[in-house]
Amino acid sequence: MDRVREILEETNPEALNRERQKKRVGLPELDIDETGDVILRFAPNPNGLLSIGHSRGVVINSEFAKMYSGKVILRFDDTDTKVKPPLVSAYSSIEREFEWISGVKPDAVIRASSRMDVYLEHAEEMISLGFCYVCKCSASKFKSLRDEMVACPCRENGIEENLNGWKMMILGEIGEGEGVVRVKTELDLPNPALRDWPALRIQHTPHPLVGDQYKVWPLLDFQSAVEDHLQGVTHIVRGKDLMDSTRKQTLLYEHMGWKYPKTLYWGRVKLHDFGGFSTSSIRESIEKGDFSGWDDPRLPTVAALRRRGYTPEAIREFWIELGLTQKDISISMQTIDSKNSKIIDPDTVRRSFVGDPVKLSLIYRKDLSGIVEGVSMKNHPDHPEMGYREWGLEHRVIYISKNDYFEGIVRLKDFADIEIEGKNAIFISRERGESAHIIHWNSSDNCRMAEIMIPEDGENKIISGLIEDSEYRVGQIIQLERMGFAKIESVSNESGNISLIWLHG
RNA sequence: GCUCCUGUGGUGUAGUUCGGUCCAUCAUACCGGGUUUUCAUCCCGGCGACCCGGGUUCAAAUCCCGGCAGGAGCACCA
């Protein structure tokens with residue numbers, strides 16, 4: 001080691017002063033040009049609400065915008081009316097979800113379907129300039145020609161002829177699948193996917209927002225390319241499955257003399273806790289009735305996380321920590337849960353929920369005088385300033401969970417040691433004995449019916465029981481002692497009964 | 001098959017640009033201990049990794065070559 005030090009002193013003295021490696025925190029630096037502008041976009045397809053995977057895009061893009069005081073655009077890429085038809089309710093839902101996750105409003109919201117005239121004009125211009133041509137070959141015929149690096153017959157048509165074909169497409173005189181606009185590229189490109197790639201195709205299926213006024217719709221690679229340029233997007237952050245998209249678009253930008261944004265990629269993400277899923281498959285399952293809706297707690301959607309009580313901060317921290325690697329990763333919800341616990345624990349009150357209750361009579365031995373009228377306990381063990389809750393014990397009836405029931409001595413938390421014999425709980429002492437196991441409980445004086453929904457093994461299990469009385473409000477997150485965190489979903493006006501939904505341990 | 005991307009502990013991640021106190025960072029998980037009248041939170045300790053093989057060099061996680069493994073794209077989807 002000293003020998004190394006000597007060598008370093010001679011040859012590379014700076015290395016000695018180098019800081020010991022540290023974990024970089026936060027997102028990496030962006031490559032910024034002279035203007036210093038940072039304009040990003042998050043571009044989901046509104047064929048469904050956002051999944052957990054999408055939330056990565058929201059977080060990364062909005063955080064970069066925050067870091068550089070830049071802008072982030074929310075763009076709905078809704079130009080497929082057929083394979084992935086837009087879900088009308090998704091537009092506003094996604095906008096709200098974006099705000100909820102990022103904590104900021106998008107600087108602009110754009111719907112591709114409302115920008116059709118712009119795309120169509122650009123397409124016509126590009127045909128006029130000879131960069132694009134109308135191809136009437138079938139998809140399979142084109143594919144085989146492409147694989148052989150052979151130009152299709154349509155490629156040789158003159159601009160006038162292309163313009164004619166284009167007009168026919170626009171007018172709806174050409175059927176679906178019978179014509180497409182292609183961008184000219186070198187035909188000997190090593191990557192066959194890029195050769196004369198398709199930019200616009202015919203769709204006669206009406207769009208739920210703009211109806212059937214357009215017969216020709218741009219494909220993602222074209223629509224996104226034009227829109228990114230028009231909006232002055234400086235950085236694109238996308239999944240690496242879209243690498244070929246970058247390459248196609250770059251080819252188009254070269255034709256137009258535009259400058260392509262800097263592009264960053266992330267790899268595929270799999271959640272350990274959920275099987276494979278896609279927006280389309282989730283939508284299908286919901287429509288089939290397999291799930292109650294986008295916020296069904298079994299679903300890996302943003303709506304479900306929000307419903308269950310996850311904080312957007314936890315989601316943001318999580319994705320920021322993962323950063324932007326191109327590795328395909330498999331992650332566990334435990335990591336998010338852990339972050340969420342740390343965030344919510346300090347100001348979450350403790351409450352007692354007894355599931356599958358067993359009713360016990362509290363018996364005092366005749367020779368013991370110390371009858372207890374009530375107990376008092378903290379709302380939060382570490383924060384007495386959060387107040388106390390007071391329980392009465394006049395009726396001398398208590399409940400414990402069936403899981404905790406056994407004949408013998410146990411400690412009722414914050415109250416007393418008791419001995420259970422049959423249906424009786426015989427008071428021993430308020431002092432805590434040596435080995436008495438602590439369990440939670442409720443007093444019949446102040447508890448009410450409650451049920452909690454827990455997603456488990458693909459179904460939403462309902463556990464009925466009793467929760468201590470308190471001022472509960474819908475949306476409140478509480479910690480059920482010895483169970484975990486849960487959110488209040490509803491409080492019945494008549495009975496006061498509570499419905500909870502499970503968050504995490 | 002073609003094109004491309006990626007390989008650091010169980011899971012993620014820092015470090016790789018420009019080789020050097022790197023016997024490798026941090027988080028999470030796990031194990032052990034402490035605090036606590038919750039199985040929560042908190043605190044302490046531990047565990048555990050540079051895909052493989054060559055090469056260059058005084059020195060390689062880092063540079064070069066060759067393997068291998070995993071993933072993605074090859075849609076008139078996004």
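- When the C1' atom of A75(B) is taken as reference, atom CD of Glu176(A) falls 15 Å away, rounded to whole Å.
- Using a 4.0 Å heavy-atom distance criterion, Glu321(A) is classed as a sugar-phosphate-only contact.
- With salt bridges taken as basic N to acidic carboxylate O contacts below 4.0 Å, one links Arg41(A) and Asp228(A).
- The gap from the P atom of G46(B) to that of U8(B) amounts to 25 Å, rounded to the nearest Å.
- Comparing the P positions of U17(B) and C65(B) gives an interatomic distance of 15 Å, to the nearest angstrom.
- Here Asp33(A) does not pair with Lys262(A) in a salt bridge; the nearest charged N to carboxylate O distance is not below 4.0 Å.
- Between Asn379(A) atom CG and A40(B) atom C1' the separation is 15 Å, expressed in whole Å.
- Residue Arg24(A) has a polar side-chain atom (N or O) positioned under 4.0 Å from OP1 or OP2 of G15(B).
- Closest to the side chain of Lys84(A), out of U38(B), A78(B), U28(B), is A78(B).
- A heavy-atom distance below 4.0 Å to RNA chain B is reached by these residues of residues 73-82 of chain A, ordered by number: Asp77(A), Thr79(A), Asp80(A).
- Applying the side chain to side chain contact (heavy atoms under 4.5 Å, CB included) criterion to Pro206(A), with sequence neighbours excluded, gives Asp212(A).
- The NZ atom of Lys143(A) sits 14 Å away from the P atom of U3(B) (whole-angstrom rounding).
- Counting any heavy atom pair closer than 4.0 Å across all strands shown, Pro190(A) reaches sugar-phosphate atoms only and no base atom.
- Between the side chain of Thr311(A) and the backbone N or O of Ala314(A), at least one donor-acceptor pair lies under 3.5 Å.
- Residue Asp382(A) contributes atom CG, which lies 11 Å from atom P of U41(B) at whole-angstrom precision.
- Using a 4.0 Å heavy-atom cutoff across all strands shown, Arg411(A) reaches at least one base atom of the nucleic acid.
- Donor-acceptor pairing under 3.5 Å is recorded for the side chains of Arg351(A) and Ser470(A).
- Side-chain rings of His122(A) and Phe222(A) stay apart, their centers remaining 6.0 Å or farther from each other.
- Looking at heavy-atom distances under 4.0 Å, Phe142(A) makes no contact with the nucleic acid at all.
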Under the 3.5 Å Watson-Crick or G-U criterion, the dot-bracket string of RNA chain B, with | for inter-strand pairs: (((((((..(((.......[.....))).(((((.......)))))....(((((..]....))))))))))))....

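- Spacing of P atoms, U56(B) relative to U16(B), comes out at 25 Å, to the nearest Å.
- Partners of Arg247(A) according to the side chain to side chain contact (heavy atoms under 4.5 Å, CB included) rule, which considers only residues two or more places apart in sequence or in another chain, are Leu194(A), Met243(A), Asp244(A).
- The nearest whole Å value for the distance from the NE2 atom in His204(A) to the P atom in C76(B) is 17 Å.
- Heavy atoms of Thr325(A) sit under 4.0 angstrom from primed sugar atoms or phosphate atoms, though from no base atom.
- Qualifying side-chain hydrogen bond (donor to acceptor under 3.5 Å, both in side chains) partners for Ser245(A), counting only residues two or more places apart in sequence or in other chains: Asp221(A).
- Residues from residues 339-356 of chain A that place a heavy atom under 4.0 Å from any atom of RNA chain B, listed by number: Lys342(A), Asp345(A), Arg350(A).
- Between Phe42(A) and Phe98(A), the two ring planes are tilted [angle within 30° to 60°].
- Remark: Arg146(A) engages no residue in a salt bridge (charged side-chain N to carboxylate O under 4.0 Å, His left out) (not counting sequence neighbours).
- Atom pair Tyr265(A):OH and G73(B):P shows a separation of 14 Å (rounding to whole Å applied).
- Between Phe415(A) and Phe427(A), the angle of the ring planes lies from 30° to 60°, which puts this pair in the tilted group.
- Judged by distance alone with a 3.5 Å cut-off, no donor-acceptor contact links the side chain of Gln479(A) to the base of U41(B).
- Looking at heavy-atom distances under 4.0 Å, Ile438(A) makes contact with sugar-phosphate atoms alone, never a base.
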Quick one: which protein N/O atoms are closer than 3.5 Å to N/O atoms of nucleotides 46-51 of chain B? Pair and distance per line, please.
none

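- Rounded to whole Å, the separation between the C1' atoms of U11(B) and G1(B) comes to 34 Å.
- The aromatic rings of Tyr253(A) and His229(A) sit perpendicular, their planes meeting at an angle over 60°, well past the 30° parallel limit.
- For Arg201(A) and A78(B), the shortest distance from a side-chain N or O to OP1 or OP2 is below 4.0 Å.
- Put simply, CG on Leu220(A) is 5 Å from C1' on A78(B), counting in whole angstrom units.
- A salt bridge is defined here as a Lys NZ or Arg NE, NH1 or NH2 lying under 4.0 Å from an Asp or Glu carboxylate O, and Glu468(A) with Lys413(A) fails to meet this definition.
- Side-chain contact check for Tyr265(A) and Asp241(A): no donor-acceptor pair (N or O, by modelled atom type) lies under 3.5 Å.
- Taking the C1' atoms as reference points, G71(B) lies 40 Å from C58(B), given to the whole Å.
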Heavy-atom protein contacts under 4.0 Å, nucleotides 5-11 of chain B, coded B base, S sugar-phosphate only, - none: BSSB--S

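- Among residue pairs with one or both ends in residues 317-355 of chain A, none qualify as ring-ring contact (aromatic ring centres under 6.0 Å, His included); sequence neighbours excluded.
- Separating the C1' atom of U6(B) from that of A61(B) is a span of 15 Å, rounded to the nearest Å.
- Taking the charged nitrogens against the carboxylate oxygens, Glu227(A) and Arg75(A) have no contact shorter than 4.0 Å, which rules out a salt bridge.
- The gap from the P atom of G48(B) to that of G32(B) amounts to 16 Å, rounded to the nearest Å.
- Side chain of Leu219(A), nearest nucleotide from U3(B), U38(B), C77(B): C77(B).
- Within the 4.0 angstrom heavy-atom criterion, no nucleotide atom of any strand lies near Gly267(A).
- Shown for residues 44-60 of chain A: residues whose heavy atoms fall under 4.0 angstrom of RNA chain B, namely Asn45(A).
- With sequence neighbours excluded, the residues satisfying side chain to side chain contact (heavy atoms under 4.5 Å, CB included) with Thr325(A) are Lys327(A).
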